[in-house]
> 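Encoded as structure tokens, here's the structure I'll be asking about.
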Amino acid sequence: MGALGWEVDAANRLVVVSGVGVFDFSFFVAYRKAMQAKGTGYYRKLLDLRRADIVLNPHDFDRILVDAQFDRLTAGPVAIMMGTSPPPRLVDMATLLQHRMGLARRMRLFTDEGEARRWLANEPIPGPGAVRSER
């Protein structure tokens, strides 16, 4: 596992973000653009942050929330995997992200990868032809 990046598993409609690095707003923008280009916005997402950190300021959260509100009808669920003994800052940032998303996105935090994958596997995804609301 190298730098923070992502892999697309088209057969399972799953995107896994993993690696060592920082999940900050510039990473989010690059990731979002790549997912839009690949047409995987509706896929399930596993954010494996066991060897990463989340660094977002209040303005970043607001900008991410705008995207989440816009995509709420077409976006797949997100499982944030933090490991069994995550640093308190990671827990705080992941919890804040989950709280800020509210009902805009199905998102859960996990300490166990197997549980995260089971939850994702049981979560419905809308499919590529889902109706999108206007911005």
> Kindly indicate whether the side chain of Val17, heavy atoms from C-beta on, has any atom under 4.5 Å from the side chain of Met81.
no
> Within this structure, what is the CG-CZ distance for the pair Asp48 and Phe110, rounded to the nearest 0.5 Å?
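The CZ atom of Phe110 is 12.5 Å from CG of Asp48, to the nearest 0.5 Å.
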> Check whether any side-chain N or O of Asp62 sits under 3.5 Å from a backbone N or O of Ile64 as a donor-acceptor pair, and report yes or no.
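Looks like no, no N/O pair under 3.5 Å.
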> Treating Ile, Leu, Val, Met, Phe, Trp and Tyr as nodes and any side-chain heavy-atom pair under 4.5 angstrom as an edge, say whether Val15 and Ile54 lie in one connected cluster.
yes
> With a cutoff of under 4.5 Å between side-chain heavy atoms, which Ile, Leu, Val, Met, Phe, Trp and Tyr residues group with Val55?
Val22
> In chain order, what residues pass the ring pair (Phe, Tyr, Trp, His ring centres under 6.0 Å) check against Phe61, with sequence neighbours excluded?
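So Phe61 forms no ring pair (Phe, Tyr, Trp, His ring centres under 6.0 Å) with any residue.
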> Look at atom CD of Glu7 and say whether more than 12 heavy atoms of other residues, nucleotides or ligands are closer to it than 6.0 Å.
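Atom CD in Glu7 is not packed in, count stays at 12 or less.
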> If you round to the nearest 0.5 Å, how far is CD1 of Ile80 from NZ of Lys45?
12.5 Å
> Going by ring pair (Phe, Tyr, Trp, His ring centres under 6.0 Å), Trp6 matches just one of Tyr31, Tyr43, Phe28, Phe23. Which one?
Tyr31
> Excluding sequence neighbours, so at least two apart, what forms side-chain hydrogen bond (donor to acceptor under 3.5 Å, both in side chains) with Asn57?
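By the side-chain hydrogen bond (donor to acceptor under 3.5 Å, both in side chains) rule, Asn57 matches Asp60.
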> Hey, does the Lys NZ or Arg CZ of Arg63 hover above the aromatic six-ring of Phe25, less than 6.0 Å from the centre and inside 45° of the axis?
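Geometry flag: set, cation within 6.0 Å and 45°.
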> Examine Met82 and Leu47 and state if one hydrophobic cluster contains both, with Ile, Leu, Val, Met, Phe, Trp and Tyr joined whenever side-chain heavy atoms are less than 4.5 Å apart.
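Yes, Met82 connects to Leu47 through the hydrophobic network.
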> Are Met35 and Leu14 connected into the same hydrophobic cluster when the rule is that any two of I, L, V, M, F, W, Y join if their side-chain heavy atoms are below 4.5 Å apart?
no
> After noting the C-alpha distance and the side-chain angles of Val20 and Arg50, does the key distance pass the side chain to side chain contact (heavy atoms under 4.5 Å, CB included) rule?
CA-CA 8 Å; Val20 178; Arg50 289 180 284 191; over 6 Å; no
> To the nearest 0.5 angstrom, please state how far the CZ atom of Arg117 sits from the CG atom of Asn122.
14.0 Å
> Indicate yes or no for a side-chain donor-acceptor contact from Gln98 to the backbone of Met107 under 3.5 Å, with no hydrogens or angles considered.
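Answer holds: yes.
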> Could you pull out every donor-acceptor pair under 3.5 Å between side chains of residues 87-96 and any protein atom, sequence neighbours left out?
unit_1: Arg89; atom_1: NE; unit_2: Asp53; atom_2: OD2; d: 3.4
unit_1: Thr95; atom_1: OG1; unit_2: Val91; atom_2: O; d: 2.7

> Return the set of residues passing side-chain hydrogen bond (donor to acceptor under 3.5 Å, both in side chains) with Ser85 (not counting sequence neighbours), or none when no residue passes.
none
> Excluding sequence neighbours, so at least two apart, what forms salt bridge (Lys or Arg N to Asp or Glu O under 4.0 Å) with Asp9?
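Asp9: no salt bridge (Lys or Arg N to Asp or Glu O under 4.0 Å) contacts found.
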> Before accepting this row, confirm whether a basic side-chain N of the pair Arg106/Glu123 lies closer than 4.0 Å to the acidic partner's carboxylate O.
yes
> Can you name the residues that form a salt bridge (Lys or Arg N to Asp or Glu O under 4.0 Å) with Glu115, not counting sequence neighbours?
none
> Of all heavy-atom pairs between Pro77 and Trp119, which one has the smallest distance, and what is that distance?
CB-CH2, 3.8 Å
> Restricting to non-hydrogen atoms, name the atom on Ala116 and the atom on Leu46 that form the minimum distance, rounded to 0.1 Å.
CB-CD1, 3.9 Å
> What residues form a side chain to side chain contact (heavy atoms under 4.5 Å, CB included) with Ala52, not counting sequence neighbours?
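Ala52 satisfies side chain to side chain contact (heavy atoms under 4.5 Å, CB included) with Leu4, Leu49 once adjacent residues are dropped.
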> Between Arg44 and Leu120, is there a donor-acceptor pair closer than 3.5 Å when you use the side chain of the first and the backbone of the second?
yes
